[in-house]
Amino acid sequence: MKIDSGLFEYNVRNVTSEIQPCCGGPGGWHHDNVYARTCITVSCGACMTEIQEVSVLIGGRAGDGINSAGALVAQLLNHLGYRIYLDFDYPSLIRGGHNFAIIRGSEHEVGTCREKLDFILALNQETVDRHRDQVHAGTAIIFNADLARSDGQGISIKNILTSEKAPEIMGNSAIIGGFAKAAGIEWVIVETVFRRHIPKGMDLNLSVARRAYDQLTVVRRIEPCNNPPLPLLNGNEAIGLGLVRGGLEAYVSYPMTPSSGLLHFLAGENEKLGIMVVHPENEIAVILMALGFAYGGKRAAVGTSGGGFCLMTEGLSLAGMAEIPLVLVVSQRTGPSTGLPTYTGQSELQFVLHAGQGEYPRLVVAPGDAQEALFWSAIAMDIAWKFQVPAFILPDKTLSEGTYSVDTGGITVPVTKAAPFWDKKPPYRRYADTPSGVSPLAFPGAKDAVVKVNSYAHDASGYTTEEAGMVTLMTDKRLRKDEELITGMNGYPQVNVHGSAEAPVAILCWGSTKGVCSEAGVKLGLRVVQPVVIAPFPVTPLKEALAETKTIICVEENATAQLAALARQHGIIPDAKVLRYDGRPFTYESLCARLKEVIP
Amino acid sequence: MKIDSGLFEYNVRNVTSEIQPCCGGPGGWHHDNVYARTCITVSCGACMTEIQEVSVLIGGRAGDGINSAGALVAQLLNHLGYRIYLDFDYPSLIRGGHNFAIIRGSEHEVGTCREKLDFILALNQETVDRHRDQVHAGTAIIFNADLARSDGQGISIKNILTSEKAPEIMGNSAIIGGFAKAAGIEWVIVETVFRRHIPKGMDLNLSVARRAYDQLTVVRRIEPCNNPPLPLLNGNEAIGLGLVRGGLEAYVSYPMTPSSGLLHFLAGENEKLGIMVVHPENEIAVILMALGFAYGGKRAAVGTSGGGFCLMTEGLSLAGMAEIPLVLVVSQRTGPSTGLPTYTGQSELQFVLHAGQGEYPRLVVAPGDAQEALFWSAIAMDIAWKFQVPAFILPDKTLSEGTYSVDTGGITVPVTKAAPFWDKKPPYRRYADTPSGVSPLAFPGAKDAVVKVNSYAHDASGYTTEEAGMVTLMTDKRLRKDEELITGMNGYPQVNVHGSAEAPVAILCWGSTKGVCSEAGVKLGLRVVQPVVIAPFPVTPLKEALAETKTIICVEENATAQLAALARQHGIIPDAKVLRYDGRPFTYESLCARLKEVIP
Amino acid sequence: MTGRELITDVQNTWCPGCGNFTIQHTLKKILAEMETAGRSLDDVVLVSGIGCHAKIADYLNINTFYSLHGRTIPVATGIKLANPDLTVICCCGDGDCYAEGLDHLIFAAKRNVDITVIVHNNRVYGLTTGQYTPTSPLGFRGKSTPSGTAEFPLNPLELMLASGATYIARGYTKKMDQLRALLQGGIAHRGFSFIDVLQICATFFPAADYYTPRVYDPADHDPTSFDHACVLAREWDYNSDARIPLGVLYTATFPCFGERMATKGVTAGEREEAVRQILASRI
Amino acid sequence: MTGRELITDVQNTWCPGCGNFTIQHTLKKILAEMETAGRSLDDVVLVSGIGCHAKIADYLNINTFYSLHGRTIPVATGIKLANPDLTVICCCGDGDCYAEGLDHLIFAAKRNVDITVIVHNNRVYGLTTGQYTPTSPLGFRGKSTPSGTAEFPLNPLELMLASGATYIARGYTKKMDQLRALLQGGIAHRGFSFIDVLQICATFFPAADYYTPRVYDPADHDPTSFDHACVLAREWDYNSDARIPLGVLYTATFPCFGERMATKGVTAGEREEAVRQILASRI
Ligand SMILES: Cc1ncc(C[n+]2csc(CCOP(=O)(O)OP(=O)(O)O)c2C)c(N)n1
Ligand SMILES: Cc1ncc(C[n+]2csc(CCOP(=O)(O)OP(=O)(O)O)c2C)c(N)n1
Ligand code: SF4
Ligand code: SF4
Ligand SMILES: [Mg+2]
Ligand SMILES: [Mg+2]
């Protein structure tokens, strides 16, 4: 698929999950785990080809470094040719408590977890106990024999660390080494992955891992697949890189889970990327500073979660009125209020659509995985500047902190910075009325341009007005941009279809549930329709994607079915809804069960 | 109409505009000005009885005291037995600029202005010039001859003031005296009104007025009507008194037009009313302080406009999560952003419905005039406490700053403070799960109660939880309150019908356009349906009110038809929309003309 | 409730070695003493922000308002105005109350609101895993500033002196007895009390080795001397190497906001009559 | 643009006698001089809040960002970071920048952001028709406090001294020549400049009769003396009767935030290469 938006060329691969089906038959991406018999291969629902697949859980206390250990496991599978999805589950505390990561590898693209596990790597007893009902007949358990008792193979991490004189934090390397052996992964792969991904003390880590590797025996071999390894990115990193490709020059943010990872990532890479990263006193300062950057001519983005976004709504309305381009990343977690800071949710859709007093156009995109996040974040930045509107990227904790394989093959975003610039003929009028509603841009410092932006109702030059006719004219000008935006967005793949594209029963979903809905759709023979663009609402492509459905089932991770309400407003009437709002993402199994209850 | 909500008894008179029609015929409230022939009487559209009616404009510069002068004119008409509507139009500045008030008096209840004027009282030339196209054949113009030239009768205000050694600000009394004479109003009425409504220097003001009175001749006599005078209140004052009747104990607010009048009013009367009025450092402090009051057991309300409300959204979500009762008055003005601070708009409906991260029930009421504001503000406070939810009152500049006759006959609100209180049997659990979702209230200081409120997901005692089952349980509990609220609201007149209740073409409107829509509805034979409760959306009563309509026309003072979108979401599909968004309220004439374009 | 268990059953999730344990333990002791002295703990309210510090709301078995990041103080002000008989204590973080909600702190001091603000000043955002705060030293490498911050820290004591606070103190979680006296003094003080507590964050700002040799109790300091309080407040600027004075730096006596704001109560009947009068005056 | 008309055609709506005219006139003169001295006015940006003061954005024919109530300073910070070559001036109100957005003021001082903040301190909310502000005296009867406020004013100079501002001055709209020197000095200063201007509000706070006999220029004050600056700042507390020192109270030289934050620019190619490297490192 090749998109020529007039702005830049973009070779899109897989962004709409157009995965080659194994059999070429209908339904695209099919696989289903058949745990009882064989756990590592799964069969494609359409052609019954066995495809390879594995799920690994690693668990321990907060502070044990579970997230990094999970990332190493993911890289091992990645280097075996698996496509990866990693979900990291942790409570809001710094030490203690139960943390775990589930790493799922599959021959095909994957974006959700399975409940049943093929491997459990337990750093403590709690991990063994908590995940008991996720084992199947063939689950291999590798545990820290110093702290836990279990079936499976134990390793005395303490002994290994003592022999190697290694610090406590290297315990994870032992468990990973043990896992590698149990899974029959060649040592050379372990070595490669450690060398590439352990920043400090790599040799010692390798020795620790090797000791465990040598102690254990192969119990469930994970066969390599035929894919090359791919970059593994979490959603926040993908958004960051997408923004950079969209021309980001300044990122302004105040820490708030689950958006903080984006701040940390860009702050860490800022010199390499040549961007400025600012963490000011609070979210109000964040958005106003970002608007200062944009007025000064620099492409800026902000990031936060719901509570911080509340504090940005006044600045948002200013951006709308003053027509200052801005990208806002609002990563959702369970609300209301402080809620569950480290758990997921999809309850900010309507808030983001209507936030800020008054009416003005905005772009809202909700990518479904890291690959879409990379793609759409670049687009969001470009649209924000082309139309001088606020553009939202709306991930959730699942996407922001989940890790995915990202296929960047052929993806190039030659950013043109193609915003409409002033022709340098004075007088400059910041809000010159044009057929499209979009006025030419100039920045302070430009010769002979007096650049006046204004939060009051204003005339073409930016001077305050209270005159009724001018107010109407300028409101119409701003709303015309919305019309233009609707047209402009037609050049992009706004609505994705997965599963059985012709099926009469459709799942309507958005954001990070893309992965789980796709799998469930394949399994149950459903059409899966996922609008990525939420505003302007892609009525026509969505109606096309839903054409000739008999039943529409909304699947959302909120309690009131917000996309369903939005769809109804546009004449699309969902028949049923499947909602989850306990902060945990749907699993494939739970979603299938819930869907079966409502499929007619 | 008598409402027994289980909470208190309330004799409702006129709150649904159930005005006695002159003829008893269909359509209720009918009158239409026939300017060409006779300007002060109008004829009832149904029975052709002539009903009395008059429109007066007074204009001058900011700082001339136009608002108070308009209020005096309104009182003169009030004492003649007219029902009043006064609209005050002013730009955002302190001195200079053009201010004017239009006072309309009618034998029947009235809530909007006419374009044509029977009297123009011009303190300066600008007033004469600007309102030229609002005169008709019989308009009487009284002007300050020192500053303006015009047809009509001039008064040298300077001369009068000099003779009386009166200060400049008393010039208004001269013009009012002149008006009284020109309108044939008996001097005793002028004297009564001045004595009742001029706080300082009343005798001197009267002498000034008398001089003008004696200089002029009667040109258009305003005949008295048969009504007793009524209290004249603007919407902000009505809201204030309503809140007090609902048990208000603390009002917390930061000034912002058009809500500031409510702050000033309550601050001025606080000792009499025994309430605390606090003006803190900003709107964030406002809402958090108010939540502190409520937690401490005091009924609190906050007031602001869109921009200030933005800053309250995080606190709002806290109120939703922590189940702390609160009333929020959000008075709308033209947006986005600073917009037109002193002009009207209806663009905060969707924002208020969705503001704050996460999902939680809320009450939103949009009264249509001062009488409804008085009634519904008391109810909003009561509901907030009964259900422990945030309750919004959503006026706009037109209502907040417009003055109306308020018929308080028979209105008594015996506030029961009937919130569900703790039975004093420890342990106290702030979020005890109950069938209704509403938990018993206790306040710190209560013996043996440990009162824990929490912005995190929490258990019944208010302790933080991250446990999936508890999160679901508590979310369900909160959402059950919404169900209860829907049932609870059935006891109130949630949807008003005006105009021809059986007509196949209906206007769907909300808030302050009630007045103008009702008149236009009568004139054009339309049904006028006005939901006062916006959330929970009164689907059933609204569908009933709209039963058997062929065409629904949405009339709103915003650019995107927000109520229309909400209605569509609930299966009510408007066919056409008539929108105005230049900050000025619809006038009867402009609305009729626009309606005629879309009536099938 | 008398003789109550002061610590709840909620599982404590602070890191081993965290200074918050000290603050909690100190508060617990103070509460127990208050109760012994005849004060009902039903009349005590604790307001917390969001952060590691704020978890204390879950751990102490008293009335609590677990509020928002940065917003303890306006909540506490509202509670105190609603019911002047309550003892209102805020447990704030440094990110909380020196960054997100700094304005509220200054205004509470300006107004002399009769509440006690305890800042768990670990000089880092703990719960969000280690970013710099307004009191982190210049060049601090946190997650949002991996190559070091570009700004000097604020000196909260100086700010409080400039804002009108009437009880200003600094404590240290490794000096528990003194801390207890400081908090007790703050709670007893009528007016706005502020205690900046140097709280060890074992994970992200383990500064005990820095603090312990530098802290000292100034001899002969008269806390009613504003000028000398200023000198002491400036001795250490939260950045450069200097001795760190602990103790009560300043106290003064002024009417509280609540006293000045107090409105005489009216009966329901009087109120209804007032409404009627207002309506009548509008005819 | 050279030799430009500095005042726009927009109708001025300040009240007769308003001190804002003086500030506008002073800025106009300074701009004209800057231009004469070779500085292009294309490189000057004025950021205003919302209020009477803020209308200056409509009246001056230069780049302006007419922002939100209380939010000039973060906007100005963003602009300065975006383009360090610009001269960035904030015209703030006292309600604006001492109430609604006080935290931003303190943080800009702390960071030593190279902008100039001019506070039109009329000690009242002008545009919203006369409520008290943080610098109104105790007992001030405004529309929201008809029986008098219950709080002492803030002393903004003291706050700025406590926050790290490197240029602190006070002017008076009835002393135009001095005001010009103070603003000029602030604009010329590298670092955070703060000028509190006692601005007459003819309508709601006509305090000329109070100010004029009390203001004075301290003789021999060395503005690099922090201690003496403190003494002068405290001489008048915006409340009680005292002499009111005008002039530059304090100056100091420190690196600016912008310098510390500066990132080396990269080319589009280098950036794309960096992205590729990051992606490659994730395999
Ligand atoms: C408005 C808002 N912004 C950001 C956050 C995220 N957040 C939670 S705690 C915290 C920082 C806590 O730091 P501090 O106040 O110093 O407390 P500590 O954890 O160090 O005790 C932040 C930024 C939030 N909850 N709300
Ligand atoms: C968030 C927000 N709250 C309130 C207002 C209303 N408002 C506009 S100007 C103003 C006060 C202005 O006072 P000040 O800053 O002192 O300026 P002055 O008019 O005195 O120059 C207020 C409260 C607003 N525009 N935005
Ligand atoms: S991160 Fe620091 S402040 Fe938070 S619990 Fe751990 S040691 Fe305490
Ligand atoms: S109200 Fe005061 S500050 Fe505003 S324009 Fe008038 S005199 Fe100036
Ligand atoms: Mg901290
Ligand atoms: Mg002011």
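Numbered from 1 within each chain, the chains take letters A, B, ... in sequence-line order.
Between Asn67(B) and Glu401(B), the closest side-chain pair of non-hydrogen atoms is not below 4.5 Å.
Residue contact with chain D, scored on non-hydrogen atoms closer than 4.5 Å, involves the side chain of Tyr254(B) exclusively. Within the 4.5 angstrom heavy-atom criterion, no atom of Ser253(B) approaches chain D. Only the side chain of Leu311(B) comes within less than 4.5 Å of a heavy atom of chain D; its backbone N, CA, C and O stay farther away. Cys18(D) does not touch chain B: none of its heavy atoms, backbone or side chain, sits under 4.5 Å away.
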**Message:** Under the criterion side chain to side chain donor-acceptor pair (under 3.5 Å), I'd like the reasoning laid out for Asn20(D) against Gln24(D): C-alpha separation, chi angles, the key distance, then a yes or no.
**Reply:** CA-CA 6 Å; Asn20(D) 282 320; Gln24(D) 176 181 320; over 6 Å; no

**Residues Tyr343(B), Asp89(B); criterion side chain to side chain donor-acceptor pair (under 3.5 Å); working and verdict** = CA-CA 8 Å; Tyr343(B) 290 90; Asp89(B) 186 299; 3.1 Å; yes

**Message:** Go through it in stages, so that I can follow the logic: the residues are Arg61(B) and Glu126(B), the test is salt bridge (charged side-chain N to carboxylate O under 4.0 Å, His left out), and I'd like the CA-CA distance, side-chain angles, deciding distance and then a yes or no.
**Reply:** CA-CA 9 Å; Arg61(B) 287 167 315 155; Glu126(B) 197 168 358; over 6 Å; no

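Across all their heavy atoms, Asn63(D) and Val44(D) have their closest contact at ND2-O, 3.1 Å.
Below 30°, between 30° and 60°, or above 60°: for Phe194(D) and Tyr98(D) the angle between ring planes is between 30° and 60°, a tilted geometry. The aromatic rings of Tyr210(D) and Trp236(D) sit tilted relative to each other, their planes meeting at an angle between 30° and 60°. Taking the six-membered ring for Trp and thresholds of 30 and 60 degrees, His98(B) and His131(B) have ring planes inclined between 30 and 60 degrees apart.
Note on Met256(B), Glu283(B), His279(B): by heavy-atom pairs under 4.5 Å with chain D, the leading option is His279(B). The greatest number of non-hydrogen atom pairs below 4.5 Å with chain B, out of Ala99(D), Ser144(D), Gly70(D), is found for Ser144(D). Across Gly97(B), Gly268(B), Ser92(B), Ala62(B), the residue that shares the most heavy-atom pairs under 4.5 angstrom with chain D is Ser92(B).
Distance alone, capped at 3.5 Å, is enough to place a donor-acceptor pair between the Asn236(B) side chain and the Pro258(B) backbone.
At a heavy-atom separation below 4.5 angstrom, chain B is approached by Tyr125(D), Gly126(D), Leu127(D), Thr128(D), Thr129(D), Gln131(D), Tyr132(D) within residues 121-135 of chain D.
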